[in-house]
2 protein chains.
Amino acid sequence: MSESKYLNLALNEAWKYQGLTYPNPAVGACVVGENGEVLSINAHQKAGEAHAEVLALRDAYTLMSKDDTIAFTCNSQKLHEYLLKHHNNIFKNCSIYVSLEPCSHIGKTPSCASLIASLGLKKVFIAHKDGTQNASGGAEILKSENIFLQLDSKNIKAQELLYPFISWQRDRFITFKWAQRLDGTIDGGSISSLESRTFVHKMRAVNDLLVIGGNTVREDRPTLDARLVDAKAPDILIYSHSDDFDREIALFKVKGRKVYIENSLKRIDEYKNILIEGGEGMYNSCKDIVDYYLVFISTQSGGGTMSLLNKKERFKALHVRELGGDVIMWMKREI
Amino acid sequence: MSESKYLNLALNEAWKYQGLTYPNPAVGACVVGENGEVLSINAHQKAGEAHAEVLALRDAYTLMSKDDTIAFTCNSQKLHEYLLKHHNNIFKNCSIYVSLEPCSHIGKTPSCASLIASLGLKKVFIAHKDGTQNASGGAEILKSENIFLQLDSKNIKAQELLYPFISWQRDRFITFKWAQRLDGTIDGGSISSLESRTFVHKMRAVNDLLVIGGNTVREDRPTLDARLVDAKAPDILIYSHSDDFDREIALFKVKGRKVYIENSLKRIDEYKNILIEGGEGMYNSCKDIVDYYLVFISTQSGGGTMSLLNKKERFKALHVRELGGDVIMWMKREI
């Protein structure tokens with residue numbers, strides 16, 4: 001396998017957690033052995049949990065050492081400590097491929113760059129520089145330890161993966177999500193699999209604002225919380241020209257969240273990580289500010305009459321996979 | 001990684017060539033090293049070319065030995081000979097995961113089971129028995145050489161992958177293929193990417209009959225050959241109640257193929273590997289005889305008014321991936 005293949009393994013793994021890592025970036029890592037054999041592939045899954053590099057190093061250590069003490073440990077601090085104490089130069093002929101420059105700062109987790117340096121890996125391949133003030137500088141740490149470093153500064157796939165994180169640094173990131181059937185219909189009852197709906201609830205748990213259309217609230221009477229993963233529900237902006245809502249529906253009863261009913265989208269400016277769920281009207285109102293689109297396509301047809309896309313549009317597929325029998329696809333709009 | 005993960009790597013690779021391997025089965029293989037590291041993943045790509053196991057063993061050999069003499073060799077005979085001569089017991093701690101029992105017969109390629117036995121792999125994991133008369137018995141060969149063998153006889157994913165091959169043994173296999181936009185539309189000009197269209201041409205090259213609706217021929221005036229891959233065009237059955245066609249269109253000019261115009265689908269009974277391309281009418285006429293559905297979904301909307309699926313249908317996704325910016329998905333209909 002060539003170098004780009006290892007990077008693609010890391011990128012592909014990272015995309016599975018795109019939308020779930022806020023305020024951290026989605027990052028993937030792949031550890032490769034002396035002869036080019038793949039030892040491990042892992043990704044950062046959630047803020048507060050271990051970084052991609054740490055999880056990939058954990059898996060590679062477990063594989064090579066046959067010591068499974070930390071095989072299922074997710075706590076970053078514990079993983080750093082254990083690896084530093086027990087590595088016994090097992091990584092000396094290994095390379096690591098990361099979609100983003102390993103961090104230099106000690107935050108919720110210790111620095112990944114210093115961990116890689118201390119473990120004595122032979123080579124580090126980085127698909128994108130970290131431009132943030134408090135995490136950048138990982139490459140310098142590695143260089144100062146004489147680790148062979150390769151930086152692919154023009155890797156478009158790594159840029160696309162990192163784009164939400166870059167947007168949060170600048171101002172905010174907006175995802176427009178919808179679910180449809182193969183025939184394009186979005187109405188007429190339940191569409192997505194439980195796995196797909198659980199994924200959306202995980203996203204809601206890390207979104208600080210969820211924007212929804214007034215008609216959707218009136219017709220579907222949704223709760224719009226994160227109950228499937230027992231997590232915090234985001235604030236809600238109901239985008240509507242009228243204030244005519246049944247205040248008894250569950251949406252208004254969720255504790256600890258604000259619900260705005262406004263005929264403007266300006267409220268979005270106060271938030272960082274925004275999810276928009278809506279129909280055709282919402283799509284048309286928002287398409288100039290949306291960053292990425294996330295569509296769940298179920299393998300059914302019939303039962304609906306409306307579709308989201310009724311004009312000429314062209315998207316670029318960023319990542320496609322199967323999730324619980326549905327297609328889940330990240331896209332950006334091509335203008 | 002667990003055993004099912006290695007098998008899934010093999011299965012996933014094999015699905016990329018589903019539709020292209022006739023009369024051979026789509027098969028995937030994954031070679032794993034002493035500690036569970038992935039050494040190689042490969043798949044059978046086309047009849048007459050090397051089997052999945054041979055390609056995966058070639059890649060693992062190249063990786064471990066650092067001898068790249070056969071790294072790009074696809075000729076099965078040459079690979080067998082080279083590996084047998086040069087392996088130097090390099091595979092003695094390796095396992096191979098295969099989606100189908102390695103073959104026992106010497107046909108276009110020598111027996112894979114005897115190759116694995118001669119190379120002295122430690123373990124062989126087989127996800128599906130080979131039930132054919134002239135290729136089965138691979139497991140017996142391996143057992144007689146005291147190779148640790150594990151057979152997962154109820155692996156549904158392996159069954160789904162192998163189903164076209166099983167159908168060819170019994171009588172025939174029918175794929176219904178269509179291309180649509182995200183909004184479900186199938187008309188109004190070009191939809192799929194060049195990569196997707198090339199894939200379809202590769203399929204046509206190994207289909208012996210292509211069935212198409214009369215209206216599609218009248219309106220689209222398609223050639224329905226395999227020119228993108230410079231290969232043989234399949235015979236054509238135009239399913240139509242009328243014989244009113246412009247005989248000057250390219251479809252009728254392709255050398256060496258038969259074109260039937262018939263108001264029945266009985267002609268299908270004379271063929272083994274059948275591809276149906278059509279619209280709603282064809283879909284409804286054929287759905288009781290179609291085995292698998294193959295849909296290409298382009299990330300566009302607009303430009304079309306008709307969709308294929310206008311009634312309630314439910315499919316099961318068998319494999320989903322991105323191809324040249326489109327989604328390519330194999331499905332079966334759930335009844």
Side-chain angles (χ1 to χ4, degrees), chain A residues 1 5 9 12 30-41 59-60 62-66 178 180-185 188 193 283 293 295 297-304 307-329 331-334, chain B residues 1 5 9 12 30-41 59-60 62-66 178 180-185 188 193 283 293 295 297-304 307-329 331-334:
Chain A
M1 285 200 272
K5 258 199 167 173
L9 291 172
N12 187 51
C30 176
V31 179
V32 175
E34 184 172 8
N35 295 319
E37 66 276 19
V38 174
L39 299 174
S40 64
I41 307 163
D59 294 347
T62 303
L63 201 72
M64 290 188 290
S65 68
K66 293 177 180 164
W178 81 94
Q180 66 164 66
R181 301 181 188 84
L182 261 183
D183 60 10
T185 58
S193 68
Y283 175 81
Y293 294 83
V295 59
I297 306 172
S298 82
T299 52
Q300 314 159 36
S301 66
S307 60
L308 187 95
L309 303 166
N310 294 291
K311 290 177 187 160
K312 261 202 193 294
E313 292 288 358
R314 185 178 286 273
F315 300 90
K316 179 185 178 186
L318 301 171
H319 194 255
V320 177
R321 68 183 171 111
E322 191 233 306
L323 182 65
D326 298 335
V327 176
I328 169 172
M329 173 160 58
M331 307 186 294
K332 63 179 180 185
R333 194 163 150 256
E334 296 199 330
Chain B
M1 284 199 274
K5 260 199 165 172
L9 291 171
N12 187 51
C30 175
V31 179
V32 175
E34 184 171 8
N35 296 316
E37 67 276 18
V38 174
L39 298 174
S40 64
I41 307 164
D59 294 347
T62 304
L63 201 72
M64 290 188 290
S65 68
K66 294 176 178 164
W178 81 94
Q180 65 164 67
R181 301 180 188 85
L182 262 183
D183 60 11
T185 58
S193 68
Y283 175 82
Y293 293 83
V295 59
I297 307 173
S298 82
T299 53
Q300 316 159 35
S301 66
S307 59
L308 186 94
L309 303 167
N310 293 291
K311 290 178 188 157
K312 259 202 195 295
E313 292 289 356
R314 185 177 286 273
F315 299 90
K316 180 184 178 187
L318 299 172
H319 194 256
V320 176
R321 67 184 173 110
E322 192 233 304
L323 182 65
D326 298 334
V327 176
I328 169 172
M329 174 162 56
M331 308 187 293
K332 63 178 180 185
R333 193 164 152 255
E334 295 200 331

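All values below were derived from every heavy atom in this structure, side-chain atoms included, with hydrogens, water molecules and symmetry-related copies excluded.
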Kindly write out the residues that satisfy salt bridge (charged side-chain N to carboxylate O under 4.0 Å, His left out) with B/Lys316, not counting sequence neighbours, or none if the list is empty. B/Glu160
Has B/Ser301 got a side-chain atom pairing as donor or acceptor with A/Lys311's backbone, closer than 3.5 angstrom?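 Side chain of B/Ser301 to backbone of A/Lys311: a pair is present.
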Checking heavy atoms, do the side chain of A/Arg314, its backbone, both or neither come under 4.5 Å from chain B? both
Under 4.5 Å heavy-atom distance to chain B, tell me which part of A/Ile297 shows up: side chain, backbone, both or neither. side chain
Testing the basics here: between A/Ala317 and B/Gly325, what is the closest heavy-atom pair and its distance to 0.1 Å?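 Closest approach of A/Ala317 to B/Gly325: CB-O, 3.8 Å.
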Taking all heavy atoms of B/Gln180 and all of A/Leu182, pick out the closest pair and write down the distance. NE2-O, 2.8 Å
Considering only heavy atoms and a distance below 4.5 Å, find which of A/Glu322, A/Met64, A/Gln300, A/Glu34 pairs most often with chain B. A/Gln300
Identify which one of B/Met329, B/Glu313, B/Arg333 satisfies the side-chain contact (heavy atoms from CB on, under 4.5 Å) criterion when paired with A/Thr299. B/Met329
Are A/Arg181 and B/Leu309 close enough, and set up right, to give a side-chain contact (heavy atoms from CB on, under 4.5 Å), and what steps lead you there? CA-CA 10 Å; A/Arg181 301 181 188 84; B/Leu309 303 167; over 6 Å; no
Which residue out of B/Glu334, B/Lys66, B/His319 racks up the most heavy-atom pairs below 4.5 Å with chain A?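 Most pairs with chain A among the choices: B/Lys66.
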Contacts of A/Phe315 that satisfy ring pair (Phe, Tyr, Trp, His ring centres under 6.0 Å) - sequence neighbours left out: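 Per chain and number, A/Phe315 pairs via ring pair (Phe, Tyr, Trp, His ring centres under 6.0 Å) with A/Tyr293.
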